[in-house]
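These notes are about the structure you will find just below.
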Number of protein chains: 2
Amino acid sequence: MVNINDIAKQAGVAKSTVSRYLNNGSVSEDTRRKIEKIIKETGYKPNAFARSLKAQKTNMLGVIIPRLNSASTNEVLQGIDETARKLGYQLIITNSDQNNEREFENLQTLAKQKVEGIIMFAREMTEDHINTVKSVETPVLFIGQKAEGIHSMVHQDYEAGTKIGKYALELGHRHFLYVGVPETDQAVGVERRQGFIDRVTAVTGTTIERVETDFSRTAAYTKGLTFLKETEATYIVCATDNIAVAVLKAANELNYSIPGDFSLSGFGGYEATAYVSPTITTVSYPYRQMGIEAVNKLRQLIEKEEVPLITDLQNNLVVNESTAPFK
Amino acid sequence: MVNINDIAKQAGVAKSTVSRYLNNGSVSEDTRRKIEKIIKETGYKPNAFARSLKAQKTNMLGVIIPRLNSASTNEVLQGIDETARKLGYQLIITNSDQNNEREFENLQTLAKQKVEGIIMFAREMTEDHINTVKSVETPVLFIGQKAEGIHSMVHQDYEAGTKIGKYALELGHRHFLYVGVPETDQAVGVERRQGFIDRVTAVTGTTIERVETDFSRTAAYTKGLTFLKETEATYIVCATDNIAVAVLKAANELNYSIPGDFSLSGFGGYEATAYVSPTITTVSYPYRQMGIEAVNKLRQLIEKEEVPLITDLQNNLVVNESTAPFK
DNA sequence: TTGTAAGCGTTATCAG
DNA sequence: CTGATAACGCTTACAA
């Protein structure tokens, strides 16, 4: 591997001169040409590690995601990627496979690699999470969940829940089935649901049945095959669009009409809700925007600027074909 | 930031002893305890850069993907991630935004960072691509496209095309519409299509109309709204599952029945094809497997083992509800 | 403008 | 088993 010394020697100058050429470029026209020529010939590339070692800066951002096949995550990632690029950061994306241990591991690894900041897509917030984050000196920004004393960006999940609740009530529905996810996910499993429940139970004579599933389509589909036959509800609220898509498939299978027999809605605003039929009513979240703002906020954190602990982003109801007035 | 020197000083030993403890651990029970204690107290983490600088090894693999929101890419990525992890590699994933310039840029950046190998998801293979790859000394493995003298993993796209052709002919169809993508993508735009065409035109009395779109759902949907009304075909072959899903939506919109009015199929085997109705006939590609084998092959390349230039992976027809016999 | 030399945090070598 | 010392490739005072 050719290094700065080789270039210096071949060009007949000191390596510091080459370095200067590489960085601020303040060298004489003559040496500039000589160096340029040699670099071209040899295909020399400065070693990024040596550079980071010296400069104590890596220009890298770490991102920890729970899984690679999540539509929402990918949209946020696009925002992150785009913004990081603009700001001159290189991204290291690591996958934790929905596993707490691996989340901690990745956090440590990234810290060791001296990334300047870390964005972590949080699924849950345990004591261990909070402690690990506090133990690394790298700034960490959580996306999706909040916790005491930790910087985070979150969606207005409670409000999203109330939006669906309000809308469903206005359609005249009174009996609901809520298809939720585990409460370990505070934002999606608890707040989103609670917003819905609070809004609906504010009206007398309403009922809410509950079913719990996970984030996968297959699980929701399988459970849907059962609960659709047993429920008394006329409106089914799914905690995510993926779940809604899966329940819709189950309903089709069982020859139920949506929205004839049941109204159905999700949360998220994934592209998929627009490519099934009927198209699914949902609450659209500003995923890409979240990525953009996350990087900006992280940059401020890195530069030790003052930033609010929690930033939350608004969402909005998107009415599609899967919901209809109660009759 | 606490470093190996601090630890050494506090433990009252030489930094080389600490280093030895860190690496092969061959130190006396006594010093081991002392060092362990200090490390715990200080939360010391060895600096990965200094380490890489010295060891001339980074244990990192670079991955260049064209976009973040592709279902197939993400599946391959899962295979890559899983295998890389098993082999002790750390992943750097970079996004090129379907832009050649950025592909070259990323290639350079990764090489500079001294990743040990690079996996590149190729969209097209230009002279420039080939030259850039040959100019870096880092081993590069292409996924999805092949070229003279370049290591790559590809799907049997031509064969996939013939499989659909054979199947459609067996159903009795003779008039086809092929919804393709640009020929810059040799594998998907040319070979997949050619396999289909060759198989179908082997039978006399067949016709194939052609339409071209891109990889996005929206474009395919919009075009579908038009070509569905104009075509003479009874079977529509879409170059990807995404296109098929979008065309299905357009067909629904126009009140055509699938497979009553048109049979419809895609390529890829994405999860989405199973969550629309009717479910879509497709050719399932072993994406995850491709990721796994890619990393294994790249590792061999890195270790300078002998490997075949091109590896191709089989796929298989998955018959679903969107296709029916011609009547 | 250019060169010398020190140092970034590690690991490896080689005496002791 | 342990410690001094020389690298690894680069940047940056400081001096010339």
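Residue numbers start from 1 in every chain, and the chains themselves are labelled A, B, ... in the order their sequence lines are given, proteins ahead of strands.
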Under the side chain to side chain contact (heavy atoms under 4.5 Å, CB included) test, which residues partner B:Ser16, sequence neighbours left out? B:Ala14, B:Arg20
Partner residues of B:Glu305 under the salt bridge (Lys or Arg N to Asp or Glu O under 4.0 Å) criterion, sequence neighbours left out: B:Arg299
Please, which pairs that meet side chain to side chain donor-acceptor pair (under 3.5 Å) have at least one residue in residues 1-12 of chain A, sequence neighbours excluded? none
Check each residue of residues 37-49 of chain B for a non-hydrogen atom within less than 4.0 Å of any atom in DNA chain C, then write out the ones that pass by number, or none. B:Tyr44, B:Lys45, B:Pro46, B:Asn47
Enumerate the residues from residues 14-23 of chain B whose closest heavy atom to DNA chain C is under 4.0 Å, giving them by residue number; use none for an empty result. B:Lys15, B:Ser16, B:Ser19, B:Asn23
Could I get the full list of side chain to side chain contact (heavy atoms under 4.5 Å, CB included) partners for A:Ala48, not counting sequence neighbours? B:Gln113
For chain A, the stretch of DNA chain D it reaches, first to last nucleotide, under 4.0 Å of its heavy atoms: D:dG9 to D:dT12
Mind jotting down which residue pairs meet the salt bridge (Lys or Arg N to Asp or Glu O under 4.0 Å) criterion with at least one end in residues 107-136 of chain A? Sequence neighbours excluded, please. A:Glu103-A:Arg123
Let's see if you get this right: which residues in residues 107-117 of chain A place a heavy atom under 4.0 Å from DNA chain D? none
Suppose we screen for salt bridge (Lys or Arg N to Asp or Glu O under 4.0 Å). Which residues come up paired with A:Arg32, at least two apart in sequence or across chains? A:Glu36
Please list, chain by chain and in numerical order, all residues satisfying salt bridge (Lys or Arg N to Asp or Glu O under 4.0 Å) with A:Glu82, sequence neighbours excluded. A:Arg288
Counterpart residues, salt bridge (Lys or Arg N to Asp or Glu O under 4.0 Å), relative to B:Asp97 (two or more places apart): B:Arg102
